[in-house]
Number of protein chains: 2
Amino acid sequence: MAADQVFTVRGDAELVTRAGHLFTSVRQEFVCAARDPDTWSLPAARQVINNNMQATGLDVSKLLSPAALADEAARLHLHEVASKGVHVRISSTPLPHETIIIDRRVMILAGRDRPGPREYTVTTSPTLVGGVYALFQAAWETATDLADFLHGDAPHLDADSLAVLRALGAGHTDETAARQLGLSLRTYRRRVAELMTKLEAASRFQAGLRVGELRLNS
Amino acid sequence: MAADQVFTVRGDAELVTRAGHLFTSVRQEFVCAARDPDTWSLPAARQVINNNMQATGLDVSKLLSPAALADEAARLHLHEVASKGVHVRISSTPLPHETIIIDRRVMILAGRDRPGPREYTVTTSPTLVGGVYALFQAAWETATDLADFLHGDAPHLDADSLAVLRALGAGHTDETAARQLGLSLRTYRRRVAELMTKLEAASRFQAGLRVGELRLNS
DNA sequence: AATGCGATGGCAGCAAACTGCCATCACCCG
DNA sequence: CGGGTGATGGCAGTTTGCTGCCATCGCATT
């Protein structure tokens, strides 16, 4: 059977010796899903990817979780990477396992990051690679681009604001909404006004639009 | 190595004999991504799943491509399935490979549907299953629920409506918006009212929210 | 020409939303 | 205790949004 199409290695060193040539063999496409960008840091691979991107039109896509934007350094790094032509998108889910697919032919899956050497599974089985690639596409398609994700400064909204927001979204009049939230009409409207200020909205319609666009709801 | 954790079979018959017990062993969770729901039709498996869903709180999730809603029959079938408690979501990507993950322990990937017996790859490797599961989650998270997908019929908007929509989105008052569009205040407001009817919105905020959510803008 | 129909616009009245002003209250701090 | 501060709520007045009613206009059909 296809046993030779799948093998597992433990630790970065073994990965390099047994699969290093795969990284450097990348031709057209390099896709990668991970929690944060620092986990795959094989210098040689990076070198090759950088070169190929310049020369041939190598297509590099990285799907990351919001954790990748936690600190300023990571954010800068991503910007730099993106400026070199790498497509970076942010998904709302954690993505604890790192996934790399090379030229739609080779796939490397990393186990969870836990104490001890990390486990990597390398496979070239077309069925496996194709299936994972399809799922990656589905996740990629609906993820938001890095630029949008950062620029869309979702203003920080506390629980109160969210309650007001829900009431507005439910389509109630101010009076019923205020009663529902146990506020006076005056304060409720104050809240709405504050919300609109935060959203830089001139009308309620515009405010709703922003909320919908930024997915501040749900 | 973990060769026994991965094996490939050809054709449904072989899949049943070699992996049928896996289907019937499902305990807590059964997730499935596929182009359309008819491809996995092992009657025995269905039986088990139906029973378990009633008895224990078996969690069944199906992620499908819009192709699954092509004809009326499929749509009805999905409604029926959903009414039994199965979570059904629609992703915008094709999902040509079928993927099944059972209890986060076993994974079955089907090759592309092509002439000849279909190829299935079955694996229990935690790394592989975990990685694919994470990607599935990412795709699932951002997919739209079946009900929303069907009900959220993005109302057809003509050029006029879009102009009104832009004016509203710009945050103008009705008066300036009407002047800008060369309409009387009365007709402009009529247009807004029509728009809100189409969007089934009770307030302008709600209308804006809908527009933003459905990306009717942009 | 006459008729009918749909879109438009003005008017008026009403409902809803917005805001300034001030009294009140809770709370913290010197 | 007294004073400062910030959140709240009532009141009133203004603006804005909403809609029913009717006159008008353009256009097509008969």
Side-chain angles (χ1 to χ4, degrees), chain A residues 148 151-218, chain B residues 147-148 150-218:
Chain A
D148 297 348
H151 187 278
D153 297 62
H156 175 65
L157 298 183
D158 51 17
D160 272 10
S161 301
L162 284 175
V164 172
L165 202 149
R166 266 193 299 277
L168 279 169
H172 297 134
T173 69
D174 288 8
E175 203 168 290
T176 56
R179 232 180 304 122
Q180 194 176 322
L181 297 181
L183 296 174
S184 81
L185 191 59
R186 185 70 184 85
T187 347
Y188 176 75
R189 287 185 171 153
R190 246 198 275 266
R191 292 287 148 75
V192 175
E194 289 164 8
L195 201 54
M196 287 174 61
T197 307
K198 281 189 206 162
L199 295 168
E200 299 174 46
S203 66
R204 287 197 178 194
F205 182 93
Q206 209 176 20
L209 191 62
R210 294 270 149 76
V211 171
E213 280 173 349
L214 299 174
R215 293 285 187 270
L216 265 157
N217 211 5
S218 70
Chain B
D148 297 348
L150 288 177
H151 187 277
D153 32 1
H156 176 64
L157 298 183
D158 52 17
D160 271 10
S161 300
L162 284 175
V164 172
L165 202 149
R166 266 194 299 278
L168 278 168
H172 298 134
T173 68
D174 289 6
E175 205 168 288
T176 56
R179 232 180 304 121
Q180 193 177 320
L181 297 180
L183 296 174
S184 80
L185 190 59
R186 185 69 186 84
T187 21
Y188 175 76
R189 286 184 171 154
R190 246 197 276 265
R191 292 288 149 74
V192 174
E194 287 163 8
L195 201 54
M196 286 175 61
T197 307
K198 281 187 204 160
L199 295 167
E200 298 174 45
S203 67
R204 289 197 178 193
F205 182 92
Q206 210 175 20
L209 192 62
R210 294 271 150 77
V211 171
E213 281 174 347
L214 300 174
R215 294 282 186 271
L216 272 158
N217 210 3
S218 68

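Naming convention: chains lettered A, B, ... in sequence-line order (proteins, then strands); numbering from 1 in each chain.
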Q: Can you see which heavy atom on B:L181 is nearest to which on B:A167, and at what distance?
A: CD1-CB, 4.4 Å
Q) Which pair of heavy atoms, one from B:G171 and one from A:S203, lies closest together, and at what distance? A) CA-OG, 3.9 Å
Q: May I ask you to test the B:Q180-B:T176 pair for a side-chain heavy-atom distance under 4.5 Å?
A: no
Rounded to whole Å, please give me the gap between [atom1] in [X] and [atom2] in [N].
{"X": "B:L183", "N": "D:dC18", "atom1": "CG", "atom2": "P", "answer": "16 Å"}
{"X": "B:L185", "N": "D:dT19", "atom1": "CG", "atom2": "C1'", "answer": "12 Å"}
{"X": "A:R190", "N": "D:dG6", "atom1": "CZ", "atom2": "C1'", "answer": "11 Å"}
{"X": "A:E175", "N": "D:dC11", "atom1": "CD", "atom2": "P", "answer": "13 Å"}
{"X": "B:F205", "N": "D:dT16", "atom1": "CZ", "atom2": "C1'", "answer": "18 Å"}
{"X": "A:L181", "N": "D:dT8", "atom1": "CG", "atom2": "P", "answer": "12 Å"}
{"X": "B:Y188", "N": "D:dC18", "atom1": "OH", "atom2": "C1'", "answer": "13 Å"}

(Q) Between B:R189 and B:S203, which residue's closest nucleotide on DNA chain C lies nearer the 5′ terminus? (A) B:R189
Q: Taking side chain to side chain donor-acceptor pair (under 3.5 Å) as the test, write out the residues that go with B:S184, two or more places apart.
A: B:T187
(Q) For chain B and DNA chain C, what are the first and last nucleotides along the strand, 5' to 3', with at least one atom under 4.0 angstrom from a heavy atom of the protein chain? (A) C:dT8 to C:dC11
**Q.** Qualifying residue for salt bridge (Lys or Arg N to Asp or Glu O under 4.0 Å) with A:D174, from A:R186, A:R179, A:R189
**A.** A:R189
(Q) So A:R204, base contact, sugar-phosphate only, or nothing? Heavy-atom distance under 4.0 Å. (A) sugar-phosphate
Q: For A:E175, look at atom CD and say whether over 12 heavy atoms of other residues, nucleotides or ligands are found less than 6.0 Å away.
A: no
